[in-house]
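Take a look at the structure below.
Values below: every heavy atom of this structure, side chains too, minus hydrogens, waters and symmetry copies.
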Amino acid sequence: DQQVKQNSPSLSVQEGRISILNCDYTNSMFDYFLWYKKYPAEGPTFLISISSIKDKNEDGRFTVFLNKSAKHLSLHIVPSQPGDSAVYFCAAMRVAGNTGKLIFGQGTTLQVKP
Amino acid sequence: DTAVSQTPKYLVTQMGNDKSIKCEQNLGHDTMYWYKQDSKKFLKIMFSYNNKELIINETVPNRFSPKSPDKAHLNLHINSLELGDSAVYFCASSQGSLLDRGDNEQFFGPGTRLTVL
């Protein structure tokens with residue numbers, strides 16, 4: 001049972017345009033959501049996060065939107081740059097007592113064309 | 001100066017062997033993690049240690065045993081390796097733990113590609 005899903009395995013956009021990466025989740029108890037970026041042969045790099053009590057968080061060219069009623073979050077990159085080409089992972093976190101759970105989606109490969 | 005390092009980068013071994021992957025972080029972080037990325041590219045957390053104490057232990061075979069000699073190191077030992085253990089294993093660290101409910105930026109190592117023949 002995959003609680004965090006990224007249904008688009010790949011996305012291709014033109015440089016300068018907006019990239020929108022989507023993520024759906026099933027567990028309404030998640031406290032926090034994170035986006036990571038991964039280049040080939042490297043470990044993931046943290047990009048941006050959002051608490052479940054917020055609906056938007058912005059950091060430079062990256063904005064994450066959270067729609068709790070739809071159990072959906074999205075990452076907007078604008079303007080997109082060729083260096084943004086990578087695999088993007090969405091992750092959801094739940095804290096319960098003295099333990100926690102962090103679940104990743106399967107990733108979306110973004111290609112930004114010059 | 002590498003923040004989170006793992007050794008070895010590649011590991012090829014036979015079924016039934018015992019192997020270890022080492023991880024070190026020089027960021028002064030309190031929490032370290034091990035993740036497994038399988039052939040379908042799913043990234044799954046396996047263990048998390050905070051100040052040398054195990055706080056997350058997902059459902060993984062008990063052939064996998066993490067060992068944290070100090071806050072800067074979290075090694076992963078795997079006994080009786082099986083074909084299904086072939087994957088890329090990532091170590092990560094963060095200042096806070098997942099229990100902090102706050103901004104918990106994790107820094108990942110470059111990964112160790114384990115191939116079991």
Side-chain angles (χ1 to χ4, degrees), chain A residues 1-10 21 23 25 29-54 57-59 62 64 66 86-110, chain B residues 2-7 9-10 21 23-25 27 29 31-51 53-60 87-113:
Chain A
D1 177 30
Q2 186 62 20
Q3 297 185 51
V4 179
K5 294 181 182 178
Q6 294 175 255
N7 292 317
S8 299
S10 63
L21 297 118
C23 179
Y25 60 95
M29 300 300 290
F30 286 130
D31 297 291
Y32 226 79
F33 301 91
L34 308 94
W35 283 95
Y36 287 82
K37 172 180 173 180
K38 184 183 180 304
Y39 293 117
E42 293 183 13
T45 304
F46 171 79
L47 263 181
I48 192 170
S49 63
I50 187 168
S51 165
S52 61
I53 62 173
K54 296 188 175 181
N57 188 23
E58 189 173 353
D59 184 2
F62 302 91
V64 56
L66 176 62
V87 179
Y88 288 78
F89 290 97
C90 162
M93 184 193 312
R94 182 190 171 194
V95 178
N98 63 348
T99 188
K101 210 173 238 326
L102 180 64
I103 299 174
F104 283 78
Q106 64 269 54
T108 297
T109 300
L110 173 66
Chain B
T2 306
V4 182
S5 59
Q6 297 177 227
T7 54
K9 192 168 177 65
Y10 299 96
I21 306 172
C23 178
E24 176 181 1
Q25 54 96 3
L27 298 167
H29 286 166
T31 307
M32 296 185 73
Y33 311 80
W34 275 107
Y35 289 84
K36 177 181 179 181
Q37 186 179 33
D38 60 24
S39 57
K40 295 183 179 178
K41 305 302 181 186
F42 281 102
L43 193 62
K44 295 183 178 178
I45 191 168
M46 300 173 69
F47 303 102
S48 176
Y49 269 74
N50 178 255
N51 283 317
E53 183 180 341
L54 182 65
I55 58 170
I56 292 177
N57 185 5
E58 291 294 319
T59 306
V60 298
V88 181
Y89 292 85
F90 289 99
C91 174
S93 73
S94 64
Q95 181 54 48
S97 83
L98 292 181
L99 310 182
D100 292 340
R101 299 176 183 265
D103 199 350
N104 180 32
E105 179 177 355
Q106 296 180 36
F107 294 79
F108 282 77
T112 295
R113 181 174 292 278

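Residues satisfying the side-chain hydrogen bond (donor to acceptor under 3.5 Å, both in side chains) criterion with A:Asn7, sequence neighbours excluded, are A:Asp24. The side-chain hydrogen bond (donor to acceptor under 3.5 Å, both in side chains) test applied to A:Lys37 returns A:Tyr39, not counting sequence neighbours.
Inter-residue side-chain proximity for B:Gln106 and A:Tyr36 is flagged as met; some heavy-atom pair is nearer than 4.5 Å.
Around the NZ atom of A:Lys54, the shell of radius 6.0 Å holds no more than 12 heavy atoms that belong to other residues, nucleotides or ligands.
The distance from the CD atom of A:Gln106 to the CD atom of B:Gln37 is 11.5 Å, given to the nearest 0.5 Å. A distance of 4.5 Å separates CZ of B:Phe90 from NZ of A:Lys38, quoted to the nearest 0.5 Å.
Interface remark: A:Glu42 contributes backbone atoms only to the contact with chain B (heavy atom separation under 4.5 Å). Neither the backbone nor the side chain of B:Phe107 comes within contact range of chain A; no heavy atom of the residue lies under 4.5 Å from a heavy atom of that chain. Residue B:Gln6 does not touch chain A at all, counting heavy-atom pairs closer than 4.5 Å.
Chain B forms the most heavy-atom pairs under 4.5 Å with one residue out of A:Ala41, A:Gly43, A:Pro44, and that residue is A:Pro44.
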- Show your reasoning for whether ring-ring contact (aromatic ring centres under 6.0 Å, His included) applies to A:Phe46 and B:Phe108. CA-CA 9 Å; A:Phe46 171 79; B:Phe108 282 77; 10.0 Å; no
